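Since this is a predicted model, take the numbers as computed values, not measurements. Reminder, nothing fancy here: chain letters follow the sequence lines and each chain counts from 1.
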Protein chains: 2
Amino acid sequence: LIVETAVRVLTPKSLQGKRVLVTAGPTWEPFDPVRFITNPSSGKMGFALAVEASRRGAHVDLVTGPTNLLDPPFLSTHRVKTALEMDRVVRDLAATADVIVMSAAVSDYRPEETAPQKVKKSDRDLTIRLIRTPDILAGVGAVKRADQVLVGFAAETENLIENATEKLRKKNLDFIVANDLTRPGSGFRCDTNQVKILDRGGQVDTLPCLTKNEVARRILDRVETLLQKVDHE
Amino acid sequence: LIVETAVRVLTPKSLQGKRVLVTAGPTWEPFDPVRFITNPSSGKMGFALAVEASRRGAHVDLVTGPTNLLDPPFLSTHRVKTALEMDRVVRDLAATADVIVMSAAVSDYRPEETAPQKVKKSDRDLTIRLIRTPDILAGVGAVKRADQVLVGFAAETENLIENATEKLRKKNLDFIVANDLTRPGSGFRCDTNQVKILDRGGQVDTLPCLTKNEVARRILDRVETLLQKVDHE
């Protein structure tokens, strides 16, 4: 905490007065009280973004699925489990946010039914019907105002640029951070990340392999550039 | 590491010369490279058991599913992801073990098929067919020798005693540690645990709410009592 306080004092307050909403981590989609569908997201990228935005003077709301990371100091952490819960909290907070960075790895599907008790195993096979969860990012993009900056993430195992470009357009993002999951030292459960940033103008910026803290700084530098344009319009 | 070394020196070597196999953590059962079925196990109970057995002088093999815990010093940690992988490693190690404590929360079911690439979401619903994973505990119980001590865990949301008693018999365990998941301060992701220990004689021992480290000590005390009986026969 002492180190964090010192770092905060030394960081220029370039996001002072701005409200930043960050989502992080995986979601858990249960089919009974002890079994669920999820993904390997550790939450590290989102937590790094929230901490850096807070150091730059922003009021930060961090909405996170289950992770082993502690609530960072100096910001508001909102803990949720499922995509439905995350959707509700993000909708509440998005309207008043200047910047929204959606780095959570939200489950696209959830079990249609959740059993109230642990399902006892039997010798028979089991079939789970999965239904779509709300598309939180598209929901926020649909009501985004011109003075808001919206950033998304794309994690892919193939066709990275095509998939990320389509997501950028469809969800009305200002830019998207694209992550090739097949690359070592990148993506889930790493402290480093090698990403490409794609913007609305079709530009693809390939960053070197960086720590997630440094990726967070690069992303927020871009956010600040966009905010300056917005403020001058 | 300095503290651990001091604690080790001070712990009586009551398991010297014994080989102890401990399983820990959840398993991940993938249906594509980034989505899987799992449970909330943190691995803490199994890691506490492995560390305590090692402090008591045992040669310890810890077989663990994905957790955020670091490899403990002074013992062999084997990291696996799926129930199939855990089954293979446990079978290899079980034959030469004197004590086997199976605290992993192994997934009972796994997706019948695993897609090689991330499944793109579509507007359609999805159905996953789940098939049974190998019953690792029953497999070990079936070939257990009279000079081996085998301990299992039961985590339930209802009918705790009945379900644990049935598991104890069916899997040929020496005793079972039963865990009521509906009780606060118990079970998954806690540092404390409130368990009952059921033995083959039908005795139920209800322990108070203890740290997982203390629960580990109580379990290994019981194991040592059983080993002494075995050695005297």
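Heavy-atom contacts from other residues, nucleotides or ligands closer than 6.0 Å to CZ of A/Arg79 number more than 12. The environment of B/Arg91 atom CZ is sparse: at most 12 non-hydrogen atoms of other residues, nucleotides or ligands sit within 6.0 angstrom. Residue A/Arg169 places its CZ atom among 12 or fewer non-hydrogen atoms of other residues, nucleotides or ligands, all under 6.0 Å distant. Few gaps surround NZ on A/Lys144; more than 12 heavy atoms of other groups in view lie less than 6.0 Å from it. Within 6.0 Å of CD in B/Glu4 there are more than 12 heavy atoms belonging to other residues, nucleotides or ligands.
Your options are B/Ile131, B/Val34, B/Thr182, and the one with the most heavy-atom pairs under 4.5 Å with chain A is B/Val34. Across A/Ile37, A/Asp135, A/Val119, A/Thr38, the residue that shares the most heavy-atom pairs under 4.5 angstrom with chain B is A/Thr38. Put simply, of A/Thr127, A/Asp108, A/Asp32, the one with the most heavy-atom pairs under 4.5 Å next to chain B is A/Asp108.
Smallest separation of non-hydrogen atoms from A/Phe36 and B/Pro40: CE2-N, 3.4 Å.
Within residues 153-163 of chain A, the residues approaching chain B closer than 4.5 Å by heavy atoms are, in numerical order, A/Ala155, A/Glu156, A/Thr157, A/Glu158, A/Asn163.
Rounding to the nearest 0.5 Å places CD1 of B/Ile128 at 8.0 Å from CZ of A/Phe31. We find the CG-CD distance between A/Leu126 and B/Glu112 to be 12.0 Å, quoted to the nearest 0.5 Å.
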